[in-house]
There are 2 protein chains.
Amino acid sequence: MPRVRKQNETMSIARLAKHLGLSEGTVSRALNNYPDIAEKTVARVRKAADELGYRPSTTARRLARGVVETIGFVLPARDGHQIDPFLAEILDGLATELALSDWDLLVSAVPDGHDEVEVMDRLIQSGKVGGFVVARTKRHDPRIDFLRTSHIPFVAQGRTENCDDYAWLDIDNEKAFVDAVNYLVGLGHRKIAYLGGDPELNYAWQRRAGYLAATKAKGCDIAPGYMHDGITNELAAREAVLEILKLPDHPTAILCVTDAVAIGAIHALAHAGIDVGSEMSVIGFDGLPMGEAIHPGLTTMSQASYKIGREVGRIVVAQANKANSPASEFSQILWEASLTVRGSANPPALKLAANAKGGIS
Amino acid sequence: MPRVRKQNETMSIARLAKHLGLSEGTVSRALNNYPDIAEKTVARVRKAADELGYRPSTTARRLARGVVETIGFVLPARDGHQIDPFLAEILDGLATELALSDWDLLVSAVPDGHDEVEVMDRLIQSGKVGGFVVARTKRHDPRIDFLRTSHIPFVAQGRTENCDDYAWLDIDNEKAFVDAVNYLVGLGHRKIAYLGGDPELNYAWQRRAGYLAATKAKGCDIAPGYMHDGITNELAAREAVLEILKLPDHPTAILCVTDAVAIGAIHALAHAGIDVGSEMSVIGFDGLPMGEAIHPGLTTMSQASYKIGREVGRIVVAQANKANSPASEFSQILWEASLTVRGSANPPALKLAANAKGGIS
DNA sequence: ACGCTATCCGAAACCGCTTTCGGTTGTCAA
DNA sequence: TTGACAACCGAAAGCGGTTTCGGATAGCGT
């Protein structure tokens, strides 16, 4: 493969040094704020660098310094290749924060036939990334196990079962669902069904736990057929709703593990001729913008995904920067979801005009 | 700043060469399929590299070869930091294709106070990327103008007004909206309103053109108040729908520039007590999964965004690989959107039970 | 046995930047 | 004046690969 010859115009530190009549070393130190370069020289170098449009080659700089200011992010492989909007916003926040810190974000997907850990391993071994962010954690997550042994800084968005020895930022899912149940109970509901997600996923498991704990604490019993796990898309939500509607003793409210599931449920209910918001209350989780656009508006537990992304970025960079200092503490941050009230949850059997409490505020 | 000393365990080509009793050059050529290394040697080197877990440092390799197998993608800055789902899927496809070609994807955001071109320029000048993908093109797009002069390979997802001299992949938006209008006319509609997006955006402009051309061709006149531009979110859609409903002569169908707008419109119509799918037909564009989950299901012009992302990735890599060959042609690919029929569009004034044609198939 | 090609591999020069180390200056006190 | 000490800067050795160039070895015909 022929070497790609740089065109002569490319501004290198060598050219810049020659232009200034200085050595490369001096120029380098001048530009990197070394204390042993005269003020005047620094100014002169800065000026010339600016005028000639010099930008140090990150590649060469990396090689020389042995640090890679890039963090990796592997898109979770999903059926149908749909990135959920929550992830997209996290990514946006992450990218923004990293750009502000002059770090790069390397995004990779997992091609069929490979697995996530393999992809991550390659990225690390080939020196492409110096840190990692993982999202959508499972209760037992091989990615975390791997990163633990890899000695590079990383932050998880979401915890695992065993999460003492690494950095994470998570929403208090359990508390959020306790709050949601309590809210429904406060409205007068006692028969509350639950559409849960993949129990392998930590957030789904925790929300489930919150549902179980709060219903128990409030003395709501969970009739057979009220709980459905493994609901990960609208179709599954629809089927689960149909089953629930077949039950002799209907619930009056359905708590859903995500907004997507909730929206699927709302559709299925409407489809069955049930008036959502009066005959049946529905609550979701995420705070997607879409929840505001549907009818009725979705009452949901909101999490600030963009902010989560930014904070995760902040943490991982901070951790990388102090990687030398020994026995550094891990940031472990728990944020709370907040209830966003719209039209889809109301006191049971109250035949109000759902339209009057539509989603657009 | 202290140099980060590599731990001794790091497997470098030097160590590998010493271990094999070969020179670094030989090892390098063996691993890179040079023809002048004996078969047996190649096998021996391969085996050892495998066993010792050697992975060449991409940084060093880049420096030596002068090529950067990374393509950049800058997230368009939007109000409210919401990546639209269409972009997210493109990104997914792009990441997948690049991973398969052993290229990297560098994603950056645009921090407040900076602009996109500036961000792209830094990425290029500092040698972080060797190619670019831009999405969501404007009719006159400064990013394209910039990339034209930058001499690095790039592909646009979407065209600009002036698009002869660069590579792009686009959906035939104009034809799609002609088709959509024709479909509505075929159903019996004559009074068709239009909710258009930001006319600066090329796709919005083209869809608008398709609407105008087809209505004219079919002799549908566009009553005053039928056309609304600049509708970019659900709220704007709602307001536009309210205006439309105030018109003395209602349209019977509304064509929407995107699914998001269509969903907003559907909500607003439902809110106003209008039965979508019978009293008013709605058609969107994108084919978002959400369109299947709402009620009634959204009839829409679908584009295969994941596939678009993959194809764009394929093109940009191909272009980078043949960058040496002179006067290479530019791939310019036009795909067609396909009509996905669900419940939101039907013959006018036909009072069918919309539920029976719900969105879940 | 001898020269002549192929075949295969080693030596060494990069790629562009960082960082250590030491050598010049200039300044100031003795 | 001289010696000591800062303050500055240059020289050179990397970082971990790739690639050119030429030398050694082996196989071959005569």
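Here the structure is a predicted model, which is why all the values come from computation and not from measurement. First the proteins, then the strands, lettered A, B, ... as listed; each starts at 1.
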Inset, instruction - Return no unless some side-chain N or O of Y34(A) is found under 4.0 Å from OP1 or OP2 of dC8(D). - result: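 So the side-chain polar atoms of Y34(A) never come under 4.0 Å of the phosphate oxygens OP1 or OP2 of dC8(D).
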Inset, instruction - Answer yes or no: does a side-chain N or O of S28(A) lie under 4.0 Å from OP1 or OP2 of dT18(C)? - result: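 Answer is yes, contact under 4.0 Å.
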Inset, instruction - Identify which nucleotide among dT18(C), dT18(D), dG17(D) has an atom closest to any side-chain atom of N32(B), counting heavy atoms from C-beta outward. - result: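 In terms of side-chain proximity for N32(B), the closest of dT18(C), dT18(D), dG17(D) is dT18(D).
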Legend entry - Residue pair Q319(B) / A167(B): nearest heavy atoms and the distance that separates them: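 Residues Q319(B) and A167(B), closest heavy atoms: OE1-CB, 3.3 Å.
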Inset, instruction - Please report the closest heavy-atom contact between P56(B) and R61(B), naming both atoms and the distance. - result: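 For P56(B) versus R61(B), the nearest heavy atoms are CG-NH2, 3.4 Å.
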Rounded to the nearest angstrom, tell me the gap between atom [atom1] in [X] and atom [atom2] in [N].
X: K18(B); N: dG17(D); atom1: NZ; atom2: C1'; result: 16 Å
X: R44(A); N: dC8(D); atom1: CZ; atom2: P; result: 14 Å
X: L16(A); N: dT18(C); atom1: CG; atom2: P; result: 11 Å
X: E24(B); N: dC14(C); atom1: CD; atom2: P; result: 17 Å
X: L63(B); N: dG17(D); atom1: CG; atom2: P; result: 12 Å
X: R65(B); N: dA13(C); atom1: CZ; atom2: P; result: 22 Å
X: L31(A); N: dT19(C); atom1: CG; atom2: P; result: 13 Å

Please tabulate, one pair per line, all N/O donor-acceptor pairs under 3.5 Å involving side-chain atoms of residues 18-31 of chain B, not counting sequence neighbours.
from   : atom 1 : to     : atom 2 : distance (Å)
S23(B) : OG     : T26(B) : N      : 3.2
S23(B) : OG     : T26(B) : OG1    : 3.0

Legend entry - Ion pair D145(A)/R148(A), N-O distance below 4.0 Å: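 A salt bridge links D145(A) with R148(A).
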Inset, instruction - Can you spot which of V155(B), I144(B), I124(B) makes a side chain to side chain contact (heavy atoms under 4.5 Å, CB included) with F132(B)? - result: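 Output: one option passes, namely I124(B).
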Inset, instruction - Determine whether more than 12 heavy atoms belonging to other residues, nucleotides or ligands lie under 6.0 Å from atom NZ of K138(A). - result: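 No, the 6.0 Å shell around NZ holds no more than 12 heavy atoms from other groups.
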Legend entry - From CZ (F73(B)) to CG (L123(B)), nearest 0.5 Å: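 It is 12.5 Å, given to the nearest 0.5 Å.
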Inset, instruction - Check each of K307(A), R314(A), R310(A) against E97(A) using the side-chain hydrogen bond (donor to acceptor under 3.5 Å, both in side chains) test, and report the only one that passes. - result: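 Going through K307(A), R314(A), R310(A) one by one, the side-chain hydrogen bond (donor to acceptor under 3.5 Å, both in side chains) with E97(A) is satisfied by R310(A) alone.
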Atom pairs, protein N/O to nucleotides 4-9 of chain C N/O, distance under 3.5 Å:
from   : atom 1 : to     : atom 2 : distance (Å)
dC9(C) : OP1    : T41(B) : OG1    : 2.6
dC9(C) : OP2    : A38(B) : N      : 2.9
dC9(C) : OP2    : T41(B) : OG1    : 3.2
dC9(C) : N4     : D36(B) : OD2    : 3.1

Inset, instruction - Give one of base, sugar-phosphate or nothing for S57(A), where a contact means two heavy atoms less than 4.0 Å apart. - result: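 Sugar-phosphate contact only - S57(A) comes under 4.0 Å of backbone atoms but never of a base.
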Legend entry - Bend angle of the helix from dA1(C)-dT30(D) to dA30(C)-dT1(D), from helix axes over five pairs at each end, nearest 10°: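 Taking five pairs per end, the axes differ by 60°.
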Inset, instruction - For residues Y306(A) and E311(A), determine if any side-chain heavy atom of one lies less than 4.5 Å from a side-chain heavy atom of the other. - result: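 Y306(A) vs E311(A): side chains apart.
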